[in-house]
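Below: one structure, written as structure tokens.
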Amino acid sequence: MIISEIIILLSALFAASVLLIYVERKLIAAVRLKKIARVYGLMQPIADAFKLFFNETILPRGKTQVAFMLLPVLFFTSIVACWAVIPVDEGVVLADINAGALFLVAMFFLSICLIVVIGWASDSKYAMFGALHSVAMMVAYELSAMLAIVCVLISSGSMRLSDIVNAQAEMWYCLPHFPMFVVFFIYALVRTNCPPFRMSESGNISDGEYSIEYTSVGYIFIAFARYVNMLLMSAVITVFFLGGWLPPFEVELFLLIPSVIWFGLKMSLCLLIFIFTKTAFPIYRYDNLVQFGWKMFLPFSLVWVIAAAGYTLVSATGKF
Amino acid sequence: MLSIGLNHYLLLSAFLFATGACGVFINHKNITAMLLSVELMLVSVSLNLVAFSCFHNDLTGQVFAVFILVAAVAEAVVGIAVFIIYFLNHKSIEAENMSGLKG
Amino acid sequence: MNEALVFYVLATFSIISAVMVVFSCAVNSVLFLIMVFISVSGLFLLLGAEFLAMMLLIIYAGAFAVLLLMLPLMLNIKETYQHTAVKCSAFGVTVGLLLFSCLAFVLKVKPQRLENDVSLAVANNVKALGEVLYTDYAYLFQLCGMVLFVAIVGVIMLMIRNGMEIKEHKIAGQIIRSADEIELKQLTDGEK
Amino acid sequence: MVRAVLKNSTLNTMQQTAGGGFFRLVLEVDGENILKATPHIGFSHFGIEKLIENKSYINAVSLLNQEYALVLAIEKLLKIKPSKRAAYIRVLLAELSRIMSHLQTVVSIAEGAGNSTPSYYGAAVQEKIMEFLELAGGSRLHANCLRVGGVYNDLSYGLMEDIVKWLKKDFLCFLDNIDEKLTEDRIFKQRTVGIGTVSSENAIEWGFSGANLRASGSLWDLRKAQPYDVYDELDFEIPIGKYGDCYSRYLVRMAEMRQSVNIILQIIEKIPEDFMIILDDTVATDNEKTVLSHSSKNIDEDYNVPAGQCYESTEAPSGEFGAYLVSDGSNRAYRCKIRTPSFAHLQAVPHVLKGNKIEDINTIISSLGIEAGEVDR
């Protein structure tokens, strides 16, 4: 039973990320006035996949070969594992555990740790450099993003994700917690490597992402993990701030539309913003980014957490 | 054997603790390995506490496990910072050479 | 039955990893330590301590392991001196064995009076833990915060170093600059 | 933390320059900061000077602006001057390729700052300019239209009108768009303002020229200072920057593109309606009226250049481009030395990069307009 559910989840993720790759290419090409290859550019992802499959696998020479081969799979797993607790509809979730939000956070941290290890296992100065960069950036925003989640938890009073969604029936949390919504959205941009919050693609050495040493299947896993991560972050934003599967208003017409569709619509809205930021903005420099995370976002989210907790306390007890 | 009792957890935690203690002696020249071994011992202690708390239906054990977590992290972070400073100044962090830290 | 199976798997996993932590070199031992953390957090889940399990993953495997990983990576520690002294490893193993046998012996002789099979304390572990933590142990909890705060300040103080020749930029100044600094000039005959 | 790891570790990188050439950049970094940067050149060295010395004069073909100085030098040795119309056509094509080059630099600054979208738009514009050059000279990249004593051919019918129409309608609109999206962009400013500053004195000491020198605040332009061809008949202004950082260099290039448009529009008005391209008597043939046969004659038949030496320099897009020519009276140069601006700019790279962040390398190098192919020659 559980195995069939896992298979369904995995194949849905696979289909969604293939679709995402295609749509991303189309949109970026449209923005950049690029010509699309024949058959609406459909053959290009397939050709890319073939090319990657038949690439020669290049392994580092040192002692890290086993880790090098194993890590992309682990990285992919750590991101896919998050999907286990994400409810796409009332009851449509692999495991609706009590501490769902905590589980998500744990998996976020685990994937960060894995990035460092990937940088190490690549046995190359440049991969290591890229890994340290990515990790330093993610950690700088991680804490404030976690505080944003804490705000949501305070308001909803539960760590179960489906409870959090149901608690937003009256008002989505992106309205009362708007600054935290922004903070979390930027964190999502950082995690999904979208400008203006990421390493550039511009042939610079420091962009050297952690995955530069990977070819063939290892790279496929990492690249897929990236797209699944984009899907995941948009789903997490939807669950925490955009009211999950709930329609925006309790109008008859809106209620007619299945709630899964609402979830998908909100997710694709986030994804669209992710994709368009890729083309629209220059990229902040690394040190500006990290300073921004630690010096602005962290104190601000701390203050917001205290304010949210105070408000919840006052409204619950009715006195100061 | 089929039902898992408190004893099993305690044995496991004892083993982890012993391994940690063992590691401190074996890697007595390598200060990072010593730090890792100490972390291992701390984890075994919190496993112990959590096992007790669950089998006795008392949350105090878990509360103290939280405190152990805090202490471990604070200790390790400061320790790592000291190592790095020491490395930058002395170009090595072998425990044997660290006599300079004496008063 | 299922629970026992999970326990044994996780226990074996953690034991092997723990041994490898001690007997392998720099980065590998950190990786094995992470494996120990993961398996122990699985054991915590088995015990019903959800909150601690997640915290162990978040704090140890996420934040702390990243730090530990960076240590050997950054410092380029030479690993030549490891495992050279057979004498001390023999000593270490002896100490470990002694310690383990003592602990095991204590377990053996002490009757298990306290044991009962209520493995799940409360339905919502996080909530229950929070209620205890914020009432009975509120001051201790505050103290924990203080400890962490002092650690943060201490680490930052330790790591601040200056004397580097770095070009600093004031962001406000950068943004104020406008595009009309460009002057259009004619080259006069005198300057030719 | 990061500081400790990469303490003085050396990174060995291939730095891609704006146009696609490569040079090797060995970096000594301390964490994020560059302690020392050493450019190693020679990856795209093909010995153009020796090639020129071993071929007859007419076989030296290069990019238009680079060809210009050589052509002027040979003309000076031959003591000939192109006809008015040919000179105007030369200036027009030179300004068109200046626009192309500046555009490349501007979009690669944007790309160094992390936004690669402008380069796609820039590529479309460049393609259009290359079409014009192709119509003028017959080949796209190496617009092979400058000749000693004139140009390859007269501009084809209606080409000038097309150029004017395109410049007025599309190109200025494109520049406004870039201004709107990039110049006032907050992040772009944060990536360029105050980065890679070169003071006016340093710029002169390091032998800067062209837009980089002007961005540091020095008023210098060869087109005005020692006008060649018909630049003295044209009325244009020299944009001067203030601070000498990446942003100033970017702004100066943007302003120069507008000035180039201005120049081209003037050329279109002033150009004489005289279809002949007249060579001086020394190389002229009988039938001066027919341009086509004239140029083919020219190609078939090598010409000897009187012995002597001279140095001629032009204001190429990236700076002063000079050709020093020694002739021994035969049909090939005895010695040809080419002075490229990028080579002079490259020597400033270690000084400019020092103390900056690794991520700024791309912005700085592309804002200096350094071209690996031009450095190596």
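Bear in mind that the values here come from a model prediction, so they are computed numbers and not experimental data. To find a chain, count down the sequence lines: A is the first, B the second, and so on, and within it residues start at 1.
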Carefully, step by step, assess A:Trp120 and C:Val30 under the rule side chain to side chain contact (heavy atoms under 4.5 Å, CB included). CA-CA 12 Å; A:Trp120 162 75; C:Val30 179; over 6 Å; no

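Contact annotation for residues 99-110 of chain A against chain C (heavy-atom separation below 4.5 Å, listed by residue number): A:Ala99, A:Leu102, A:Phe103, A:Val105, A:Ala106, A:Met107, A:Phe109, A:Leu110.
Taking CD1 of A:Ile97 as the reference point, atom CG of C:Leu45 lies at 7.5 Å (rounded to 0.5 Å). Here the CE atom belonging to A:Met159 is positioned 9.5 Å from the CD atom belonging to C:Glu50, to the nearest 0.5 angstrom. Put simply, CG on A:Leu114 and CD1 on C:Ile34 are 7.5 Å apart, with the number rounded to the nearest 0.5 Å. Note that the CG atom of C:Leu68 and the SG atom of A:Cys113 stand 9.5 Å from one another [nearest 0.5 Å].
More than 12 heavy-atom neighbours from other residues, nucleotides or ligands sit within 6.0 angstrom of CD1 on A:Ile2.
Interface residue A:Asn288: only side-chain heavy atoms are found under 4.5 Å from chain C. Neither the backbone nor the side chain of C:Ile59 comes within contact range of chain A; no heavy atoms are under 4.5 Å apart.
Put simply, of A:Val135, A:Val117, A:Asp287, the one with the most heavy-atom pairs under 4.5 Å next to chain C is A:Val117.
Within the structure, side-chain hydrogen bond (donor to acceptor under 3.5 Å, both in side chains) contacts touching residues 147-156 of chain A (residues at least two apart or in different chains) are A:Ser155-A:His177. The ring-ring contact (aromatic ring centres under 6.0 Å, His included) analysis of residues 138-160 of chain C, with sequence neighbours excluded, yields the pairs C:Tyr134-C:Phe141.
Evaluation of the salt bridge (Lys or Arg N to Asp or Glu O under 4.0 Å) rule for A:Asp96 yields A:Arg160 as partners, not counting sequence neighbours.
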